[in-house]
Amino acid sequence: MNIESILRTEIQEAVQSLFGANLDQVQLQPTNQEFEGSHTLVCFSLTKISKKNPEETGKAIGDYLKEKSSIVSDYNVVKGFLNLSIKDAVWVEMLATIVAQPNYGQLPKNGKEIMIEYSSPNTNKPLHLGHLRNNFLGWSVAELYKANGYKVHKVQIINDRGIHICKSMAAWKLYGNGETPKTTGIKGDHLVGKYYVEFNTRLTEQVKELETKGVAKEEAEKQAPIMKVAIDMLRKWEYRDEETLALWKMMNGWVYEGFETTYKKMGVDFDKLYYESNTFLLGKEQVITGVEKGVFFKKEDGSVWVDLTADGLDQKVLLRSDGTSVYMTQDIGTAILRFHDYPNITGQVYTVGNEQEYHFKVLFLILQKLGYEWAKHCYHLSYGMVDLPTGKMKSREGTVVDADDLIDEMISEAKRQTLELGKTDEMSEAEASKLFEMIGLGALKFFLLKVDPKKKMLFDPNESIQLQGFTGPFIQYTHARIKAILRKAESMQVVISPDTFKGIEALASTEREVIRVISAFEGKLKEAVKDFSPAVIANYTYEVAKAYNQFYQSVPIFTEADADKLAFRIALSKSVANVLKRSMGLLGIEVPERM
RNA sequence: GGUCCGAUAGCUCAACUGGAUAGAGCAUCAGCCUUCUAAGCUGACGGUUCGGGGUUCGAGUCCCUGUCGGAUCACCA
């Protein structure tokens, strides 16, 4: 059952019958809280058809509906807005249809297949706050696609080669004394990151020293001994030097082990991993065939370029004069490989920060020029940077918020506050520690996902660990409260099949509102995927919890004498719990049975 | 300099894609626990939607213009 589509049809009939005109677009919107009703028809645009002023138009349609409609119970017109009330019996029926759907919130399969990329870190340092937004966002968008009936492949490209990792390797080789994660007890990605920092520290020193000897800064950076070692390693890597490859494999191995731990804590996963070291050669081949086809051109020094000036962009280098590849080359190879691996995908979504908008514009254009039709269905899911109250995160200034640290802090803060409220007194230790984790991670994920991905956001550590108001824990709490009610109902053996409450005729306004909100779920799923925005779901989830809490506060459940009404309220509560669990699940957030 | 984003309550964010008197949370203040979990609920306070023009029945939303932020324009990734 869909109230909106019934209303649309009936309004079209009304307009046809009253004014003899076809109405192809019906402007329906939710009624403002302050007015009576749930659905509002905006009448201004109808005045041309009706030849009446908005008020009279609304009144005419309202009268017609009140008499003829199967679902409208009443109406009022305020300044050209026709507010319609729906019969309570219809709302009750609405709830019954929701209760009858065990998979409410899962749209039917549509046969389409899509690939979503996110995370895609460099292998020279641990994950940070920026990666958290990226990962939660990408993972959640993948879930949104699934909920909308798509088959989804979650992937990442691991930037495992290049000068960045050579820097860590160089510093480790020179100053590492053979340290390993085992000997130091340091998590692998952090250990490698330590040597990346070490590299930069040493480099700065050496550059300074050279500068005092009169060498220009730019030149000094190239001449610094440690930089020479790194560049030499990069060259050796390309020539498959065994010792260098062994070191590279070992240190990357440490990083992967560390990443795996972090991903597991974060609750994100991937269906397939792509490694730059495996795809850049394919990219090179593609560029060379592109030259043969005349899509790209070669300069005298041997470098290969693409000319995008006709598309309003610049010329872009694709291969260096020494024949080595650049970032773009690798991305061309990766994209082609993916469509080869998954021939049925209709498109690809790249979850990458907005500083790379230009890069992806160029990439998609190049793929089109190479003749790949699917390039039109590649989308850059561009999200805004995460800023701190102190400004931007800068690795050089040590203001980067480490992902592992942040997650640990969130969990211990959740623990502190939960213990303070005495919520775990009757819990086993295992249940309690699972709860702290749920709350801490829930707060963090919700905080990062509730903001429109396109916008840059401010991460205030103090605000993110808030557990009241528009937060993840607030939703989790609402869910836990409902679960308590359901447990009690079960022990009382309340039967909640629709038959038990179909006779109900009058509803409290908060009950009506709860049904209205949960019945909007599937529309929200479509909106969220269309906008690539988990924020739509986060806002919606809050709306559901808020509506339920108002009901909870004003309508008693177990003191209700009428068995049908009791059953109805239990069913309503259960549906809300399901919607909360499902929608929070789309954000990657678990909800507890008690808290 | 070119291109692209952004600017909404003291702070962090919404606003159903052009609709009603612009809404939430935090913060501040005032109420509600003998009743299903008070991480909750109710109320108060808080706005020239960056400035200026325009389009129309109607603009935070669309167009023009100015100001201020940010990103990007590498043989970096």
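We name chains A, B, ... by the order of the sequence lines, and we start the count at 1 in each one.
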- Can you check the A:Gln29 CD to B:C16 C1' distance for me, whole Å? 8 Å
- Looking at the side chain of A:Glu276, which of B:A77, B:C36, B:A20 is the nearest nucleotide? B:A77
- Please work out if A:Ile163 contacts a base, only the sugar-phosphate, or nothing of the nucleic acid, heavy-atom cut-off 4.0 Å. nothing
- A:Arg594 side-chain proximity, nearest of B:C16, B:U37, B:U42: B:U37
- Identify which nucleotide among B:A77, B:C36, B:C13 has an atom closest to any side-chain atom of A:Val451, counting heavy atoms from C-beta outward. B:C13
- Return yes if a side-chain donor-acceptor contact under 3.5 Å exists between A:Asn549 and A:Thr478, otherwise no. yes
- Hey, what's the ring geometry for A:Tyr350 with A:Phe360, parallel, tilted or perpendicular (30° and 60° as the breaks)? tilted
- Task: Figure out the CG/C1' separation between A:Asn539 and B:C13, and round it to whole Å.
- Result: 8 Å
Filtered N/O pairs between nucleotides 25-27 of chain B and protein, under 3.5 Å:
{"from": "B:G25", "atom 1": "OP1", "to": "A:Lys546", "atom 2": "NZ", "distance (Å)": "3.0"}
{"from": "B:G25", "atom 1": "O2'", "to": "A:Phe470", "atom 2": "N", "distance (Å)": "3.3"}

- Message: Would you say A:Tyr327 places a side-chain N or O within less than 4.0 Å of OP1 or OP2 belonging to B:A77?
- Response: no
- Query: Can we call the ring centroids of A:Tyr327 and A:His359 under 6.0 Å apart?
  - Reply: yes
- Message: Check whether A:His380 reaches the backbone of A:Val352 with its side chain - one donor and one acceptor, N or O, closer than 3.5 Å.
- Response: yes
- Message: Need one value for A:Ala489: base, sugar-phosphate or nothing, where a base atom within 4.0 Å counts as base even if backbone is also close, heavy atoms only.
- Response: nothing
- Looking at every strand, decide which applies to A:Ile557 at a 4.0 Å heavy-atom threshold: base, sugar-phosphate, or nothing. base
- Message: Checking side-chain polar atoms at under 3.5 Å, does A:Asn134 have a donor or acceptor matched by the opposite partner on A:Tyr383?
- Response: yes
- Residues touching RNA chain B, which here means a heavy atom under 4.0 Å, drawn from residues 514-530 of chain A: A:Lys530
- Side chain of A:Leu421 (C-beta onward), nearest among B:A20, B:A39, B:C13: B:A39
Give every pair of a protein N or O atom and an N or O atom of nucleotides 1-7 of chain B that lie under 3.5 Å apart, one pair per line with the distance.
none

- Message: Strictly below 4.0 Å: does A:Gln550 bring a side-chain N or O up to OP1 or OP2 of B:U42?
- Response: yes
- Distance between P atoms of B:U48 and B:A30 (Å, rounded): 27 Å
- Task: Please check if the distance between the ring centroids of A:Phe532 and A:Tyr379 is under 6.0 Å.
- Result: yes
- Message: Just the rounded figure in Å: distance from P of B:C33 to OH of A:Tyr552.
- Response: 15 Å
- Item | Side-chain donor/acceptor contact of A:Asn83 with base of B:A20 under 3.5 Å | yes
- Sub-6.0 Å ring centroid separation between A:Phe470 and A:Phe446: yes
- Of the listed nucleotides B:U21, B:A39, B:C13, the one nearest the side chain of A:Thr418: B:A39
- Query: Contact class for A:Thr559 vs. all strands (heavy atom < 4.0 Å): base, sugar-phosphate, or nothing?
  - Reply: nothing
- Query: Given B:A20, B:A77, B:G40, which nucleotide is nearest the side-chain atoms of A:Asn32?
  - Reply: B:A20
- Message: With a cut-off of less than 4.0 Å, is there a side-chain N or O of A:Arg320 near OP1 or OP2 of B:C76?
- Response: yes
- Message: What's the gap between B:A39 and B:U34 when it is taken at their P atoms, as a whole Å value?
- Response: 15 Å
- If you check the A:Asp531 side chain, which of B:U17, B:A77, B:U12 turns out closest? B:U17
- Message: Using a 4.0 Å heavy-atom cut-off, does A:Tyr477 contact any base of the nucleic acid, only the sugar-phosphate backbone, or nothing at all?
- Response: base
- Sequence-distant partners of A:Glu543, salt bridge (charged side-chain N to carboxylate O under 4.0 Å, His left out), two or more places apart: none
- Base, sugar-phosphate alone, or nothing: which one does A:Asp387 contact when heavy atoms must sit under 4.0 Å apart? nothing
- Measure up the A:Trp237 and A:Phe280 rings against each other and bin them: parallel (under 30°), tilted (30 to 60°), perpendicular (over 60°). tilted
- Side chains of A:Thr40 and A:Thr31, donor plus acceptor under 3.5 Å: yes
- Query: With respect to the side chain of A:Lys79, which nucleotide from B:A14, B:U21, B:C41 is positioned closest?
  - Reply: B:U21
- Message: Using atom P in both nucleotides, what's the gap between B:A59 and B:G2 to the nearest angstrom?
- Response: 32 Å
- Taking CD from A:Glu355 and P from B:G69, how many angstroms apart are they, rounded to a whole number? 21 Å
- Polar side chain donor-acceptor pair, A:Asn252 to A:Asp160, under 3.5 angstrom: no
- Query: Under 4.0 angstrom, heavy atoms only, what part of the nucleic acid is A:Met595 near: base, sugar-phosphate, or nothing?
  - Reply: base
- Task: Indicate the atoms forming the closest heavy-atom contact of A:Pro534 with A:Pro453, along with that distance.
- Result: CD-CG, 4.2 Å
- Message: Using a 4.0 Å heavy-atom cut-off, does A:Gln330 contact any base of the nucleic acid, only the sugar-phosphate backbone, or nothing at all?
- Response: nothing
- Query: Can you list the residues that meet the salt bridge (charged side-chain N to carboxylate O under 4.0 Å, His left out) rule with A:Glu276, with sequence neighbours excluded?
  - Reply: A:Arg161
- Item | N or O in side chain of A:Lys392 less than 4.0 angstrom from B:A71 OP1/OP2 | yes
- Message: Considering every strand and a 4.0 Å limit on heavy-atom distances, what is the contact class for A:Asp460: base, sugar-phosphate, or nothing?
- Response: nothing
- Task: Could you work out the separation of B:G43 and B:G25 based on their P atoms and round it to a whole Å?
- Result: 10 Å
- Task: Select one nucleotide: of B:U37, B:A77, B:A20, the one nearest the side-chain heavy atoms of A:Ala484.
- Result: B:U37
- Item | Validation row, ring centre A:Phe44 to ring centre A:Phe81 under 6.0 Å | yes
- Query: What does A:Val362 touch in the nucleic acid at a heavy-atom separation under 4.0 angstrom: a base, only the sugar-phosphate, or nothing?
  - Reply: nothing
- Message: Both atom distances under 3.5 Å, Watson-Crick or G-U wobble: I'd like the secondary structure of RNA chain B as a dot-bracket string, with | for pairs made across strands.
- Response: (((((((..((((.....[...)))).(((((.......))))).....(((((..]....))))))))))))....
- Query: Is it true that the side chains of A:Thr510 and A:Tyr548 contain a donor and an acceptor less than 3.5 Å apart?
  - Reply: no
- Message: Is the phosphate of B:A38 approached by A:Arg481 (side-chain N or O, under 4.0 Å from OP1 or OP2)?
- Response: yes
- Task: Please say whether more than 12 non-hydrogen atoms of neighbouring residues, nucleotides or ligands are located less than 6.0 Å from NZ in A:Lys222.
- Result: no
- Message: Check whether A:Glu238 reaches the backbone of A:Arg235 with its side chain - one donor and one acceptor, N or O, closer than 3.5 Å.
- Response: no
